[in-house]
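Bear in mind that the values here come from a model prediction, so they are computed numbers and not experimental data.
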Amino acid sequence: MLSEPRSGRLAAWGNALLAGLVSPDDAVLAVVGDDAVHRVAGLPGESAPVGLTLALGRLRALGVTALRVALPTPGHPLGLSGPPEFNARAIDAEEAVICHGAALGLVPEVYEAGPEGDVHVEVVWHCLAVREAPPADVPSLGEAERELAEALREATEVLTRLDVAASGPVAEAAIDAYRARAERGREVLAPGYPPRAVRVLELAQRVGMLVSVAYENGHGGAVSAGEMAARAQALRPVERTARRAQVAAYNAVVEERERGVR
């Protein structure tokens, strides 16, 4: 969770485009990011993969009014609504975008190409049918913010008591890199999102970064099997809560629309 999921960028900037707040060129540029190119395969009415600009226009013509994010993992179909075939593909990718207004979903497949030292990334979004039903386990923004603060507090207490929090030069370098990235670009969401969504997403990404650093630095100061198990037990719910909060932030535009705010 150190980096923004591609599904998050597609949903956020796709929502801004659908709302008329950004141009197609700006939206596609933001979605593609550091990747070489994004294409969409399986789009209704298209026999071959098409570029992202054409795909977003076609989705609008098909009745799509907004985009949701799903960040599922095995055993936790976060943001999904079925059918099983789509869920399986989304869980394998650990992310997906669900269309609001049309029974379609998009799952990314990432390819690396080019010689060593000059590798570029290409992404193909597979457009598939989804079930029109409420997404699984997605909290409201308010719920996500409360849960995230509580989970972070509880995990910090456990890790501090066990003295197994990640530390050392590798952890410090990762934290410094996160701070530098945050300072370079404060716009973690696209235009049109409420300030609370930005706040929740920033906190969720920071918590996810801390969890990732803790996992990547082995067992920290844990010296016994019991301590290692307690450490993992403390991190798992925090990681899940951070993912739920990310989904809530990316889906805030749809949540507000359904509540009649916009």
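- Linking Ile, Leu, Val, Met, Phe, Trp and Tyr whenever their side-chain heavy atoms come within less than 4.5 Å puts V22 and L10 in one cluster.
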query = Checking side chain to side chain contact (heavy atoms under 4.5 Å, CB included) for the pair H76/D137: CA distance, chi angles, key distance, verdict?
reply = CA-CA 8 Å; H76 187 206; D137 198 35; 2.6 Å; yes
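- At least one donor-acceptor pair closer than 3.5 Å links the side chain of N15 to the backbone N or O of L67.
- With a 4.5 Å cut-off on side-chain heavy atoms, R58 and P44 do not count as touching.
- Considering only heavy atoms from C-beta on, E143 comes within 4.5 Å of E147 through its side chain.
- Each of V200 and V253 belongs to its own hydrophobic cluster when Ile, Leu, Val, Met, Phe, Trp and Tyr are linked at side-chain heavy-atom distances under 4.5 angstrom.
- Note that the CH2 atom of W13 and the CG atom of L21 stand 10.0 Å from one another [nearest 0.5 Å].
- Interatomic distance, CG of L148 versus CD of Q246, reported as 9.5 Å (0.5 Å rounding).
- In plain terms, the two heavy atoms of L141 and A249 that are nearest each other are CD2-CA, 3.8 Å.
- W125 places none of its side-chain heavy atoms less than 4.5 Å from the side chain of R39.
- R240 and T73 form no side-chain donor-acceptor contact under 3.5 Å, judged by distance and modelled atom types alone.
- For the pair P84 and R131, the tightest heavy-atom approach, listed with the atom from each and the gap, is CD-NH2, 4.0 Å.
- There is a path of hydrophobic side-chain contacts, each under 4.5 Å, that joins V121 to L106.
- Salt-bridge check for D35 with R9: passed, with a basic side-chain N closer than 4.0 Å to an acidic carboxylate O.
- Residues V107 and A96 share a closest heavy-atom pair of CG2-CB, 4.0 Å.
- Put simply, CZ on R196 and OG on S140 are 7.5 Å apart, with the number rounded to the nearest 0.5 Å.
- Taking every heavy atom of both residues into account, A144 and A248 meet most closely at CB-CB, 3.8 Å.
- For the pair I91/P74, a side-chain contact is recorded, criterion being any heavy-atom separation below 4.5 Å from C-beta on.
- Heavy atoms only, all atoms of each residue included: G114 and V119 are closest at O-CG2, 4.0 Å.
- Checked by atom type, the side-chain pair E4/Y250 shows a donor-acceptor distance below 3.5 Å.
- The backbone N or O of H100 sits less than 3.5 Å from a side-chain atom of T65, completing a donor-acceptor pair.
- L18 places none of its side-chain heavy atoms less than 4.5 Å from the side chain of L59.
- V32 has its side chain out of reach of V37: every pair of non-hydrogen atoms, C-beta onward, lies at least 4.5 Å apart.
- L52 is connected to V64 through a chain of hydrophobic side-chain contacts under 4.5 Å among Ile, Leu, Val, Met, Phe, Trp and Tyr, so both are in one cluster.
- Heavy atoms only, all atoms of each residue included: A90 and P72 are closest at O-CG, 3.6 Å.
- The side-chain heavy atoms of V238 and V207, taken from C-beta on, include a pair separated by under 4.5 Å.
- In this structure, SG on C99 lies 11.5 Å from CZ on R68, to the nearest 0.5 angstrom.
- Listed for the S81 side chain is no donor-acceptor partner under 3.5 Å among the backbone atoms of P134.
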task = Before giving the answer on side chain to side chain contact (heavy atoms under 4.5 Å, CB included), spell out for E202 and V198 the whole-Å C-alpha distance, their side-chain angles and the decisive distance to 0.1 Å.
result = CA-CA 6 Å; E202 286 180 329; V198 176; 4.1 Å; yes
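- Separation of atoms OG (S7) and CG (L71) is listed at 5.0 Å; rounding is to 0.5 Å.
- Looking only at side-chain heavy atoms (C-beta outward), E46 and V40 stay at 4.5 Å or farther from each other.
- Under the 3.5 Å distance criterion, the side-chain polar atoms of H38 are left unmatched by any main-chain donor or acceptor of V123.
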request  = Check the pair L128, L104 against side chain to side chain contact (heavy atoms under 4.5 Å, CB included), reporting the backbone distance first and the verdict last.
outcome  = CA-CA 6 Å; L128 305 164; L104 297 170; over 6 Å; no
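- Taking 4.0 Å as the cut-off between side-chain N and carboxylate O, E95 and R6 do not count as a salt-bridged pair.
- Under a 3.5 Å cut-off, the side chain of R60 and the backbone N or O of L17 do form a donor-acceptor pair.
- Following chains of ILVMFWY side-chain contacts shorter than 4.5 Å, one can reach V31 starting from V50, so the two form part of one hydrophobic cluster.
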side-chain hydrogen bond (donor to acceptor under 3.5 Å, both in side chains) between H126 and E109, intermediate numbers included = CA-CA 7 Å; H126 295 276; E109 187 170 4; 2.6 Å; yes
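- Atom-to-atom distance recorded for L56:CG and L43:CG is 9.5 Å, nearest 0.5 angstrom.
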